[in-house]
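Notes follow once the structure below has been shown.
First listed ligand is number 1; within each ligand, the first listed atom is number 1. Counting from 1, the numbers follow the sequence of the chain as shown.
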Amino acid sequence: AGEDAPQALTDGFHLLIDALKLNEINTIYNVPGIPITDLGRYAQAQGMRVISFRHEQHAGYAASVAGYLTKKPGVCMTVSAPGFMNGLTALANATTNCWPMILISGSSEREIVDLAQGDYEEMDQLAMARPFCKAAYRLTYAADIGIAVARAIRSAVSGRPGGVYLDIPGAMLGQTMDAIKGAQSLVKVIDPAPRQTPAPGAIARAIAVMKEAKRPLIVIGKGAAYDQSDDVVRELVEKSGYPFLPMSMAKGLLPDTHPQCAAAARSMALKDSDVVVMLGARINWLLSHGKGKQWGEPGGKKFIQIDINAEEMDSNVEIAAPLVGDVGSCARALIDAMENEGIAPPKEWLDQVHTKASVNMEKMASRLQNNSTPMDYHAALGVLKQVINEQPETILVNEGANTLDLARSIINVHKPRHRIDVGTWGVMGIGMGAAIAASIETGKRVLAVEGDSAFGFCGMEVETICRYNLPICVVVFNNNGIYRGDGENWGGGCDPATTSFVPDARYDMMMEAFGGVGAWVKTPDELRQAVNAALTSGKPTLVNAAIDPAAGKESGNIGNLNPQSVVAQA
Ligand code: OXT
Ligand code: ADP
Ligand code: MG
């Protein structure tokens with residue numbers, strides 16, 4: 001081309017899309033509007049999958065779940081101020097769950113925002129985002145998009161994964177630059193989350209603790225599931241012979257039916273063990289902070305902890321053998337060092353765990369067979385347990401209180417990362433976003449088992465499910481309320497109880513409103529038929545399952561966390 005030939009140009013819109021694609025990010029979870037509407041359209045035009053939601057929180061939850069399932073940051077895209085804030089809950093939740101996610105938000109004109117001159121959707125989003133994520137960046141020049149996206153990706157996935165915020169002022173998207181220089185400005189992130197092996201001394205320390213163990217236990221968390229070192233984890237469990245306890249989203253990393261699975265002897269295993277190997281699981285509220293009666297005699301435990309984040313060590317209790325690194329590398333190093341060290345748990349301990357688990361499983365089995373009308377949780381979950389046993393490739397999404405706690409212990413998971421739930425925060429409303437992301441990222445069938453309250457936080461996304469024609473079967477456990485549907489107004493007035501909903505609500509008709517299949521079921525047989533039909537056809541389906549309003553417990557298994565009023569009781 002001669003000197004007068006027109007220069008080929010690119011712009012902020014296209015550089016951002018090119019930067020994501022260069023790094024193999026091919027899906028955006030989106031809610032359109034000023035200033036990012038065209039960004040979504042151009043992304044679609046450039047071959048990206050753009051999934052548009054009805055509310056940013058669910059687009060955000062979907063992005064975070066995509067991050068969890070793929071080890072690549074899930075991307076959520078929102079408009080400025082209100083859209084941004086709707087997405088922020090999901091960004092914070094991703095960070096809390098240690099899942100990689102990037103929230104890309106359009107923002108208003110900086111010079112107006114910074115002088116508080118009242119711009120359209122004015123907000124200092126960068127400052128707002130900071131406390132809720134691992135890192136937050138703002139782009140001013142299109143020429144910096146390549147490096148900014150690279151930084152965002154590396155921040156999200158390296159070390160302990162988490163949420164990253166990327167602020168894109170509307171004006172920046174329209175900035176043009178020479179197309180060749182633009183292409184040169186893009187950055188491909190090399191080895192975004194480098195593997196990390198602990199020093200030999202740290203491994204030797206762990207082996208010494210394991211050699212002394214009389215009643216050892218392995219606790220597997222969602223950090224291990226995230227790591228995708230499924231074979232190595234299995235080898236560590238099987239070579240050591242230790243019983244293992246999966247945290248809820250680690251269920252299926254080894255099948256729940258594995259002979260070493262101690263899930264059905266959870267309380268006993270935690271209380272009576274003497275050495276506990278933590279594998280990508282924090283010793284937080286879900287494990288009573290490693291203290292108290294759940295853990296038996298004070299000081300009676302030694303912990304070995306594998307975690308990518310050094311600062312996690314000693315967060316609640318002393319860690320006798322910290323192993324800082326990724327689960328795969330640490331587990332590999334442990335397995336290699338275990339050779340010829342005579343590590344094998346005493347038979348009495350294995351028998352003790354096995355006996356307790358068998359007793360609990362038998363007790364459970366008898367409760368699952370009932371044909372009560374209305375259905376109780378066990379009757380309905382017995383059906384869903386069987387469905388998943390028969391179709392173990394189905395990804396299970398689960399939220400609620402009783403619906404969550406009972407499904408967790410009743411439904412066996414057989415494959416890694418096939419259970420997604422409320423996570424570290426116990427947050428309601430993740431269900432539809434998680435189901436959509438699971439379906440989009442894996443192409444598999446999804447079964448979302450939802451309390452009626454939980455579903456209410458995200459129910460409008462059934463339209464999204466229908467619009468993209470996703471093979472998702474939502475089962476709403478409809479007990480007319482939060483925890484129970486038979487609450488009373490403590491003031492005696494005519495307002496309903498604070499925890500009650502419209503009785504016998506027809507959630508199934510919500511799905512029908514958008515062209516999906518709805519079913520209202522009252523018996524285990526009807527439930528089985530409706531769910532099997534949905535998983536066979538792959539059609540978007542909502543099964544509204546009538547559950548006894550009196551069957552649930554306040555807050556499910558965690559009622560002990562509710563504060564009590566001494567005055568009211570007096
Ligand atoms: O060993 P023991 O004897 O102890 O027995 C254990 C196991 O051994 C045994 N077990 C088994 N037995 C036989 N066979 C098998 N296979 C088996 N497996 C296990 O069973 C017992 C129990 O085992 P488990 O479950 O493993 O152990 P445990 O003790 O429960 O574990 C402790 C925890 C803490 C790890 C576990 O409980 C846990 O993970 N809990 C998570 C709880 C959680 O996060 N709950 C959600 C939040 S509750 C509340 O906050 C809700 N809100 C408020 C709200 C929220 N959250 N978010 C937002 C944005 N706004 C508001 C609301 C609104 S819940 C809620 C709605 C609820 O209403 P819904 O209508 O949605 O739901 P319903 O309640 O159904 O009406
Ligand atoms: P759970 O809720 O299942 O108990 P947590 O979310 O509490 O699990 O803990 C997950 C832990 O895993 C976090 O402390 C996090 O730093 C760690 N983690 C995340 N990814 C990895 C990885 N690849 N290797 C090792 N640890 C990891
Ligand atoms: Mg309910």
Which residue and non-hydrogen atom of the protein lie closest to atom 18 (N) of ligand 2, and at what distance in Å?
->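 Ranking protein heavy atoms by distance from atom 18 (N) of ligand 2, first comes Ile308 CG2, 3.7 Å.
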Going by heavy atoms in the side chains, are Arg195 and Asp227 under 4.5 Å from each other?
-> yes
Before giving the answer on side-chain contact (heavy atoms from CB on, under 4.5 Å), spell out for Tyr483 and Ser453 the whole-Å C-alpha distance, their side-chain angles and the decisive distance to 0.1 Å.
-> CA-CA 9 Å; Tyr483 312 139; Ser453 164; over 6 Å; no
For ligand 2, is any non-hydrogen atom under 4.0 Å from Thr424's backbone (N, CA, C, O), its side chain (CB onward), both, or neither?
->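 Contact part for Thr424 vs ligand 2: side chain (C-beta onward).
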Could you check Glu312, Lys222, Arg282, Lys134 and say which one makes a side chain to side chain contact (heavy atoms under 4.5 Å, CB included) with Cys98?
->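 Of all the options given, the one that passes is Arg282.
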Would you check ligand 1 and list the protein residues that come within less than 4.0 Å of it by any heavy atom, ordered by chain and number?
->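 Lining ligand 1 at under 4.0 Å, by heavy atoms, one finds Ala263, Ala264, Ala265, Arg266, Ser267, Trp285, Leu286, Asn360, Met361, Met364, Tyr377, Gly400, Ala401, Asn402, Thr403, Leu404, Asp405, Arg408, Ser409, Val422, Gly426, Val427, Met428, Gly451, Asp452, Ser453, Ala454, Phe457, Asn479, Gly481, Ile482, Tyr483, Asn557, Ile558.
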Where ligand 2 meets Tyr226 - atom numbers and elements under 4.0 angstrom, heavy-atom basis =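 Close to Tyr226: 20 (N).
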Please could you name the atoms of ligand 2 that Gly325 approaches to less than 4.0 Å, counting only its heavy atoms?
->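 It comes down to these atoms of ligand 2: 24 (N), 25 (C).
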Taking atom 22 (C) of ligand 2 as the point of reference, which of Asn97, Asp227, Thr96 owns the nearest heavy atom?
->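 Considering heavy atoms of Asn97, Asp227, Thr96, the nearest to atom 22 (C) of ligand 2 sits in Asp227.
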Restricting to heavy atoms, the pick from Leu287, Val219, Asp307 nearest atom 16 (O) of ligand 2 would be Asp307
Euclidean distance, Lys251 NZ relative to Asp256 CG, rounded to 0.5 Å =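 Output value for this atom pair is 3.5 Å.
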Ring pair (Phe, Tyr, Trp, His ring centres under 6.0 Å) between Phe244 and His258, intermediate numbers included | CA-CA 9 Å; Phe244 72 91; His258 191 284; 5.7 Å; yes
Closer than 2.8 Å to the Mg ion (ligand 3), which protein N, O or S atoms?
->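 Protein N/O/S atoms under 2.8 Å of the Mg ion (ligand 3): Asp452 OD1, Asn479 OD1, Gly481 O.
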Around atom CG of Asn489, are there more than 12 heavy atoms of other residues, nucleotides or ligands at under 6.0 Å?
-> yes
